[in-house]
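Every heavy atom of this structure was used, including side-chain atoms; hydrogens, water molecules and symmetry mates were not. For ligands, and for the atoms within them, numbers begin at 1 and follow the listed sequence.
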Amino acid sequence: MSARETISKNAAFTKAGTIHSISAQAQQILQQLTLEEKASLCSGKDFWLLKSLERLQLPSIAVADGPHGLRKQGAKGDHLGAGTSVPATCFPTASALACSWDPTLLYNLGEALAEKSADENVSVLLGPGINIKRHSSCGRNFEYFSEDPLLTGELAAAMINGVQSKNVGTSLKHFAVNNQEFNRMVTNAVVDERTLREIYLKGFEIAVKKAQPWTIMSAYNRVNGTFCSEHKELLTDILRDEWGFEGLVVTDWGAMNDRVKGIAAGLDLEMPGSTGETDQQIVKAVNHGELNEAQLDKVARRVIKLMLKAKTVIKAENIDEAAHHQLARKAAAESAVLLKNNEQILPLQTSAHFAVIGEFAKTPRYQGAGSSMVNPVKLDCAYDALSEITNNKSLPYAAGYRVKGDKGNNTLDQSLIDEAVVLAKTVDIAVVFAGLPDSFEAEGFDRDHLDMPEQHNRLIRAICKANPNTVVILSNGAAVQMPWIDQPKAVLETWLAGQAGGLAVADLILGKSNPGGKLAETFPLAMADMASDRWYPGSPRQVEYREGLYVGYRYFDTVGKPVLFPFGHGLSYTRFDYSDLKTGNSLAPDQDLTLTLTITNKGQVAGYEIAQVYLHDIDSTHHKPVHELAGFSKVWLEPGESREVEIMVDRRSFAYYDTGRKDWVVEAGDFEVQVAASSQDIRLSAVVHVQSTDRPSMANKQINQIFQSMANNQKLNVTDQDFEAMLGHKAPKPDAVRPFHANSTLSEISSTFVGKKLYQSIMKKTADDTADIDETTQKLIRKILEGLPLRGLVMMSNGKMNYRFLHILIAILNKQFINAVKLIINRNK
Ligand code: BGC
């Protein structure tokens, strides 16, 4: 068995018998369809509905966003978080949940999400999003799990299995290499094959093999020159032929570039559809022999299968909102990470004399903006929860900053800080709530820096000066810098903790629960410290992944560069000892490794410990990060309790992707198995000799040299020639902006007279239409529009603009007036 096959295939989504009968039924239905009907099935009816097949009793099915809660909209849909949606339990976002390292929690959350979806007649929940955090500033990092693909894949698989256990589908997104928001609809991610496989595809591979999501959403961007929605290598060769994906591939909303190419490449469903125009393109292509009807049949069959599966939904009798709220509270508590706790200042005694400072305590930042925005059923705040637990209705409080209208450094208000300082001096302990306001991180744009607002930083410094017993509670969706880190005694990272985050954080502060989360992403000291920073987010139309495998801890730990907090770090109100690691000395070919160790709770309170296993390949002839996560286990231990923990490391974790062999290869040799409390806190280790019959190809000396010298001097220099060696071919040149085409962006065409007028009128109309929504959503809509390719106008115009008009516009922009006139006259073109 090759290492490729060792990721277990426990596809739990439905019984084999059901699949068969659904396949047979789908085939029967397909045979009754006309060419036009088949083509029409392959694009959406509107924003959230697929088309129905009334005459064959197949009703239209609904899909909806999430995934940290259901976002089901009414008739007026949008994919930007602008319009309202039905109230639904808002759970912590993915960046928080990942810090729980808890597949069972994710599974349970999946079940709750499915119950709500089923109740609202939603057949497919559009998530989870699992793109790798290549750079801490990606605007959507709050929606993604981790910088590590193994942790990402395992958690995603658990969540998918949870949702699908109730026969509601999921849409694993965004496939693939969508690691930034800047120009996400047109950028070309240029990435070498080994990095693609080991970092950017691995999480998808694990989730597909372990959970068979009903659908996968293709990303907006291009990968190595080809749009994901028409990328045969990704959608067919890898996803279906290699990984055995059985479901349907849907475009991200508006990601369809060329419908016919898409079908040929393995894409099934275009969302939200282009008022039937692309369906006609498909019919034409089949009639002209440009598209094989058998290919269309495959696609239509998959859509029918999805419609049939949607009928198998398991509905709860009624939704227990209270239970979902409690689950949200548990999830928030288990996701929080205690970053620092000097002198064990936390937890506070219920009777402690403390003040609450920071408006987030009363107006929580609990989720991020964009398509994942949920309308919470209720919203708890930490201030009320703290008051209730301490039985003190008038806990001392100062706002310290304003949440509404916080635009960062333009809104400094010293008087609010002064007031808070006066209060902090009157109490024994100051608890400061701070973090990132909405306007700092959202879908649609990346952060320019990793700073918190200056007002928050100044507030923390001032309070720490006024009161040596200061505790900071952070709410943010992704890593931030903490220039004041030496000053407070404790820092608790609570992320975007969902609607019950207030209760959870109060429990944690007062020791009703014990923080056990560990970071699923590195907190760098500075943005420029990340290996990817030099190439992020690239030029307007191209981003080059020159840092290769060296993302997050893989880089920091390899070069020994200090970080603010390492991957896997998290403290507890108790301490844990690790002992008795048993690995065996040698691993036979084709075997997985099962190791055991003992963990002991040495403190006074019960708590969780998350033990991590990293592999350091001692004998590798191909460059590798100094170590990589290969397994983990979370255990609950009572005070004084010891437990033997077993962790399985699958054979694939010993492998690298060999581009010469086009396969995963385990090189025989010694590996150091490290058991760690964080990527930089290795507690136990043992050397295992790994036997292998795999035959690695010869390593490329030039590539080895680049990363060896990076490891030696902390400098990563990847020249054009080096990058070519990594890619195995010349690096493509970023596209020229002119002549304009269907993928030119609105901001690109605004350099012409006509383009500028169009750009301005679209921006004005959007500003008018969105005048009464929040400023962050307005900003993200503006940013998305700036990077919107012209073809996106067809999708957005709701039938007012068609492809013919698009081509006329492009001809005019390129000053090809004769062409434009011809197109105007010739209506059939
Ligand atoms: C987002 C997806 C989302 C879709 C539908 C897109 O803009 O990238 O994550 O599921 O809209 O709202």
Side-chain angles (χ1 to χ4, degrees), residues 43-50 62-74 76-86 88 93-95 113 117 122-131 138-145 156 159-160 163 169-187 189 204 213-221 227-229 248-257 269-273 367-375 441-446 477 777 779-789 791-792 795-796:
S43 63
K45 175 176 170 199
D46 63 21
F47 242 88
W48 306 118
L49 290 178
L50 272 63
V63 301
D65 265 314
H68 57 271
L70 181 73
R71 176 170 177 266
K72 188 194 175 194
Q73 293 192 303
K76 202 166 168 274
D78 72 88
H79 63 307
L80 305 166
T84 53
S85 53
V86 299
T93 71
S95 62
L113 291 166
S117 305
V122 168
S123 302
V124 178
L125 182 70
L126 302 175
I130 65 160
N131 297 93
C138 169
R140 272 184 112 168
N141 274 0
F142 72 91
E143 280 188 67
Y144 300 145
F145 288 117
M159 185 170 169
I160 294 168
V163 176
T170 53
S171 197
L172 185 64
K173 65 191 188 184
H174 309 89
F175 189 60
V177 206
N178 178 186
N179 311 98
Q180 64 188 50
E181 289 302 278
F182 175 63
N183 270 0
R184 65 179 181 173
M185 294 188 83
V186 293
T187 198
F204 286 98
W214 284 15
T215 80
I216 284 198
M217 189 186 290
S218 70
Y220 283 122
N221 48 289
F227 277 103
C228 290
S229 58
L248 162 154
V249 180
V250 53
T251 61
D252 198 343
W253 269 229
M256 192 67 247
N257 178 52
L269 179 65
E270 176 190 5
M271 285 302 281
Q367 66 170 334
S371 60
S372 67
M373 193 122 101
V374 175
N375 176 11
E441 56 179 346
E443 181 177 344
F445 57 89
D446 301 314
T777 309
K779 177 173 172 190
L780 81 85
I781 292 175
R782 262 196 326 273
K783 289 284 179 190
I784 286 174
L785 283 178
E786 282 168 14
L788 186 78
R791 66 176 154 80
M795 185 254 311
M796 277 182 43

Across all chains, not counting sequence neighbours, the side-chain contact (heavy atoms from CB on, under 4.5 Å) partners of A189 are V177, N221, V543, Y545
Measure up the Y144 and H174 rings against each other and bin them: parallel (under 30°), tilted (30 to 60°), perpendicular (over 60°).
perpendicular
Determine whether a donor-acceptor pair (N or O, by modelled atom type, separation under 3.5 Å) exists between the side chain of N141 and the backbone of E143.
no
Can you work out which protein residues put a heavy atom within less than 4.0 Å of ligand 1?
W48, D65, H79, L126, R140, K173, H174, R184, M217, Y220, D252, W253, S371, E443
Can you find a heavy atom in the side chain of P128 that is under 4.5 Å from one in the side chain of F145?
yes
Taking the side chain as every heavy atom from C-beta outward, state whether F47 and V63 have any pair of such atoms under 4.5 Å apart.
no
Is S85 close to N375 at the side-chain level, that is, under 4.5 Å between some pair of heavy atoms?
yes
